[in-house]
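To find a chain, count down the sequence lines: A is the first, B the second, and so on, and within it residues start at 1.
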2 protein chains.
Amino acid sequence: MLDSTAKTIELMIVDDHKLFLDGIVSLLKDSPKISIAACASDGNQALELLQQNVNINVLITDISMPNLNGEELCKEVKKKYPNVHILVLSMHSDSKSIKRILKNGATGYILKNTGKEELIEAIEHVANGQAYFSESVKNNIMAGITGMEESDENVNVRLTKREVEILKLISSEFTTNQIADTLFISLHTVESHRKNIMRKTKAKNMAGLIKYAVKAGIVE
Amino acid sequence: MLDSTAKTIELMIVDDHKLFLDGIVSLLKDSPKISIAACASDGNQALELLQQNVNINVLITDISMPNLNGEELCKEVKKKYPNVHILVLSMHSDSKSIKRILKNGATGYILKNTGKEELIEAIEHVANGQAYFSESVKNNIMAGITGMEESDENVNVRLTKREVEILKLISSEFTTNQIADTLFISLHTVESHRKNIMRKTKAKNMAGLIKYAVKAGIVE
DNA sequence: AAATCCATACCTGAATACGGCTATTTTCAA
DNA sequence: TTGAAAATAGCCGTATTCAGGTATGGATTT
């Protein structure tokens, strides 16, 4: 039904690992329907190149990149160039990462451990505006929707600015007394905050607090 | 001086990301001096293939992989096949990762954001038993050696089996009493172990313990 | 055979964390 | 401007952690 499959696919690939980028280019360079128009090593460069290459209709991108990451790139691209379809090529298949980037406008999501054939299939789907997902991506999304999300739900709690500040100090091995002195507030206030953080994150003790801090990217 | 540069390089590549693996193969397949003998997606598979292909003399591997990771693979390979030189191809350039895997017998270490030419140069160096490092790898090693190593040195401490076992339980938010009950040992013993772990890891309290556990890969 | 490491166990006392509350002021958005 | 959320502060009692030791039997290594 869609005749758009006949149209040449003008591709841009974005990844901060040059070897991976070059490898993908090498894999795709002989594909008849696909033309590689540009490559970028981060989101900012990608946006610049998009401005210059008006014919680009598919963008393949990694998520974790310096300067401007995949999520932010998606948001920008969808705002400025709504006709450019985005295929995410990531290492991670956890439902959290997937859902976040799909919300930001990605059309497809495949993993770096898929093969060449599937990559091309995914590119063609996405070029037509059709969603494409790796098998394990689909499974994890389903698992995320149906049940057993207990481990994920605690990352959804929202800590206040002050709570994050205090959790950072706790993670730096400060005692409650030291935190009170550092922030010029009462010992009792720090304890109140800590108790609130523990309630929100369902942590039983310091161990749980630090594990949450690590997961949430508050430390390291 | 070394005439070994003339000898054909029989390569094995190990990476759990199929697309990356295929990309590298595609990049190298036209190189005259290099022959790709085998590919594997984890350490176990690599060891099996090494047994079958006696001619392999260079092994390129990622660090983080399922089942048997790069570090453990290095150790095994150096023990069983000391003539196989290992080139590590990693995303991370922190001195901690680098030093750890070099201790385990890797000959070279380059990053995934290097180019095709440098990759080939690195392979040739390593095939001759010569070390090869990416520029940023060299820089980070230097920074690690010269100063500011306080944060790194604690990963070098060696915990005993029992200590790791207890640290795992601490990380699971168990109290000292619960750990004692779980392991059928005295409360005092658990406390002794905890104190020893804290001394070794230079942790001031639970927060430091959990951060160490995360860094050392004992939790998550 | 001696030395070292490991796992075990104990002691004391101070410091800190934890659980479960109440309560006031400030800040910010509806 | 009114109500909710956030930041502040407090109380009480128990549980746990932390710092500083000492000590012993067993396994391993030298």
A side-chain contact here means heavy atoms from C-beta on lying under 4.5 Å apart; do A/Thr175 and B/Lys204 qualify? no

Whole angstroms only, please: what is the CD-C1' distance between B/Glu191 and C/dA14? 14 Å

Of the candidates C/dA9, C/dC18, D/dA9, the side chain of A/His188 sits closest to D/dA9

B/Thr160 or A/Met198: which one's nearest nucleotide on DNA chain C is closer to the 5' end? B/Thr160

Closest approach to the side chain of A/Arg194, judged atom by atom: which nucleotide of D/dA7, C/dC18, C/dC10 is it? C/dC18

So which one's nearest nucleotide on DNA chain C is more toward 5', B/Ile185 or B/Asn205? B/Ile185

For the pair made of CD1 in A/Ile197 and C1' in C/dA17, what is the distance, rounded to whole Å? 14 Å

Of the listed C/dA17, D/dA19, C/dA7, the closest approach to the B/Lys195 side chain comes from D/dA19

For B/Asn177, answer base if it contacts any base atom (sugar-phosphate contacts may also be present), sugar-phosphate if it contacts only those atoms, and nothing otherwise; contact means non-hydrogen atoms under 4.0 Å. sugar-phosphate

For the side chain of B/Met206, counting heavy atoms from C-beta on, which of D/dT17, D/dT8, C/dT8 is nearest? D/dT17

Given the structure, check if the side chain of A/Thr176 and the base of C/dA17 hold any donor-acceptor pair shorter than 3.5 Å. no

D/dT17 OP1/OP2 closer than 4.0 Å to side-chain N/O of B/Thr175: no

